[in-house]
Amino acid sequence: MMEILFLPLDDRPCNRIHPALVLEGAGLRVLSPPRSWLGRFLLPGRPDLLVPWLRSHAGQAHHLLVSLEMLCYGGLIGSRSPALSAAEARKRLAVLAELKRASPGLRIWAGNILQRLSTTVTDPDTLDHWRNIFAWSVLGGKQQAAPSPAQQVELEALERKIPAPLLASYRACRERNHAVNRAALELAAAGVLEHLVLGQEDCAPFGPHRREQASLTEEISRLHLEDRVTLLNGADEIGTLLAGRILAEEGWPVPCFTPVFHHPAFRRAVLPYEDLPLEDNWARHLAVLGTAGGPTVSCYVHHPPAHGLPREETDLALLASPPDAPPDDFSRELARRLEQGDRLALLD
């Protein structure tokens with residue numbers, strides 16, 4: 001039986017259980033480290049145990065599906081802490097090249113995250129800091145794109161609300177994590193990684209992540225990695241996406257999904273906590289799966305009422321609020337096609 005080594009982003013079901021279910025449903029054997037090594041909520045995982053675990057099992061595996069956050073920092077929450085140096089993170093990342101040298105037939109599929117526009121929330125005080133850093137990040141991005149004196153005054157006032165050590169920590173994490181993302185591109189260029197997904201965690205149309213994205217995109221182009229690296233909005237779905245890609249590589253007929261939007265204008269809407277129009281983000285997700293000659297499946301994309309979307313003071317809402325299509329028409333169309341026996345999916 002084909003064996004897959006799986007190192008998830010963290011211990012939550014969407015990251016730990018769902019990708020494994022996809023692979024096991026196809027009859028593949030999934031081997032993961034003990035859950036206690038993956039951390040829990042604010043407690044980071046144990047890369048000191050995970051690295052030896054990878055070394056001991058890689059020789060018998062056909063594929064390795066790995067979260068670079070877990071490998072380098074002990075998970076997503078750990079990636080927002082400055083406790084680990086960039087040098088140590090890159091040292092852990094280099095283990096993948098070591099595994100590939102020792103087992104050239106091992107195919108490594110990796111995901112990594114571009115840091116969100118703020119910090120981790122644990123209590124009311126950190127929630128205030130989260131809001132201020134998010135607003136500061138977005139406003140700083142706007143100021144860089146279109147400077148104005150009034151905006152600069154507002155930016156400086158926001159910065160005074162944020163404790164200096166916290167802001168320094170946030171900046172240090174961004175710099176370190178960006179360096180690790182660039183190092184991951186080097187692994188892809190060297191053939192260590194089959195495919196790398198760089199997911200943008202919670203963001204907005206403006207902010208420091210835009211500079212990071214531009215830098216990574218330029219490097220992807222320079223290294224001719226367009227077919228091996230995908231940048232998209234998202235985080236927790238990356239493991240499941242790459243599980244689907246592994247199935248496609250093993251000959252499973254992954255479906256060809258075509259979207260049917262609740263309202264056509266919604267195609268170009270930018271959702272809260274994202275910076276790509278929905279249609280573009282959809283295409284990037286499907287590009288990870290690749291094409292494997294599967295059946296065509298219509299995916300009905302239902303969106304919430306524009307007035308019901310969460311709004312923050314920093315442009316988190318839809319940039320374009322499309323009129324709402326009558327939900328009855330949408331559900332009737334779904335029901336009609338189901339009765340006809342059509343292959344359908346629903347994205348809500």
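Everything quoted here is computed from the prediction, not taken from an experiment.
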query = Between R211 and Q144, is a side chain to side chain donor-acceptor pair (under 3.5 Å) present by the stated rule, with each step listed?
reply = CA-CA 10 Å; R211 294 193 300 273; Q144 185 176 43; 3.0 Å; yes

[atom1]/[X] to [atom2]/[Y] distance, rounded to the nearest 0.5 angstrom?
{"X": "L196", "Y": "I220", "atom1": "CG", "atom2": "CD1", "result": "7.5 Å"}
{"X": "L158", "Y": "L139", "atom1": "CG", "atom2": "CG", "result": "6.0 Å"}
{"X": "L216", "Y": "L114", "atom1": "CG", "atom2": "CG", "result": "5.5 Å"}
{"X": "L76", "Y": "M70", "atom1": "CG", "atom2": "CE", "result": "9.0 Å"}
{"X": "E201", "Y": "N112", "atom1": "CD", "atom2": "CG", "result": "11.0 Å"}
{"X": "L242", "Y": "H63", "atom1": "CG", "atom2": "NE2", "result": "12.0 Å"}

Can you name the closest pair of heavy atoms from [X] and [Y] and give their distance?
{"X": "K100", "Y": "L106", "value": "NZ-O, 2.6 Å"}
{"X": "L185", "Y": "L225", "value": "O-CD1, 3.5 Å"}
{"X": "P205", "Y": "V270", "value": "CG-CG1, 4.4 Å"}
{"X": "C14", "Y": "P19", "value": "O-CD, 3.6 Å"}
{"X": "P47", "Y": "Y73", "value": "CG-C, 4.1 Å"}
{"X": "G244", "Y": "V22", "value": "N-CG1, 4.3 Å"}

ask   = Does the side-chain contact (heavy atoms from CB on, under 4.5 Å) test come out yes or no for L347 and W282, once each step is laid out?
value = CA-CA 11 Å; L347 176 63; W282 166 279; 4.0 Å; yes

Identify whether the distance between the nearest side-chain nitrogen and carboxylate oxygen of [X] and [Y] falls below 4.0 Å.
{"X": "E156", "Y": "K161", "result": "no"}
{"X": "R245", "Y": "E194", "result": "no"}
{"X": "R171", "Y": "E175", "result": "no"}
{"X": "R182", "Y": "E186", "result": "no"}

Same apolar cluster (I L V M F W Y, side chains within < 4.5 Å links), [X]/[Y]:
{"X": "L93", "Y": "I238", "result": "no"}
{"X": "V192", "Y": "L65", "result": "no"}
{"X": "V180", "Y": "L50", "result": "yes"}
{"X": "V51", "Y": "L99", "result": "yes"}

Listed partners of R336 passing salt bridge (Lys or Arg N to Asp or Glu O under 4.0 Å), at least two apart =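 Here the qualifying residues are E333.
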
inquiry  = One pair to check against side-chain contact (heavy atoms from CB on, under 4.5 Å): H18 and D236. What are the steps and the verdict?
reply    = CA-CA 10 Å; H18 296 172; D236 295 329; over 6 Å; no

ask   = Pick one: which of H195, E250, E249 meets side-chain hydrogen bond (donor to acceptor under 3.5 Å, both in side chains) with R107?
value =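 Answer after filtering H195, E250, E249: E249.
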
Could you verify whether a donor N or O on one side chain and an acceptor N or O on the other, from [X] and [Y], lie under 3.5 Å apart?
{"X": "S298", "Y": "R337", "value": "yes"}
{"X": "Q213", "Y": "D275", "value": "yes"}
{"X": "H209", "Y": "Q200", "value": "no"}
{"X": "T119", "Y": "H129", "value": "no"}

request  = Could you tell me how the ring of Y273 sits relative to the ring of F134: parallel (under 30°), tilted (30 to 60°) or perpendicular (over 60°)?
outcome  =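 Aromatic pair Y273/F134 classed perpendicular.
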
message = In terms of relative ring orientation, are Y300 and F330 parallel, tilted or perpendicular, with 30° and 60° separating the classes?
response = perpendicular

R16 and D10, any side-chain heavy atoms less than 4.5 Å apart =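 With C-beta onward as the side chain, the pair stays apart.
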
query = Passes side-chain contact (heavy atoms from CB on, under 4.5 Å), V297 versus T258? Steps please.
reply = CA-CA 6 Å; V297 176; T258 57; over 6 Å; no

request  = Assess whether salt bridge (charged side-chain N to carboxylate O under 4.0 Å, His left out) is satisfied between E219 and R222, documenting all intermediate values.
outcome  = CA-CA 5 Å; E219 190 70 357; R222 186 183 73 81; 2.8 Å; yes

key: side-chain contact (heavy atoms from CB on, under 4.5 Å) partner of H178, the single match among S215, P208, C173   = S215

task = Assess whether side chain to side chain donor-acceptor pair (under 3.5 Å) is satisfied between T230 and R284, documenting all intermediate values.
result = CA-CA 7 Å; T230 303; R284 295 188 189 195; over 6 Å; no

message = Please determine whether side-chain contact (heavy atoms from CB on, under 4.5 Å) holds for the pair L193 and R228, giving the CA-CA distance in whole Å, both sets of side-chain angles, and the decisive distance to 0.1 Å.
response = CA-CA 8 Å; L193 304 181; R228 303 188 72 164; 5.6 Å; no

task = Could you work out the complete set of other residues in the hydrophobic cluster of I77, with links drawn between I, L, V, M, F, W and Y side chains under 4.5 Å apart?
result =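 Result for I77 is F41, L42.
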
key: For R174, all residues meeting side chain to side chain donor-acceptor pair (under 3.5 Å), sequence neighbours excluded   = Y170, E212

message = Can you confirm whether D123 is buried at CG, in the sense that more than 12 heavy atoms of other residues, nucleotides or ligands lie under 6.0 Å from that atom?
response = yes

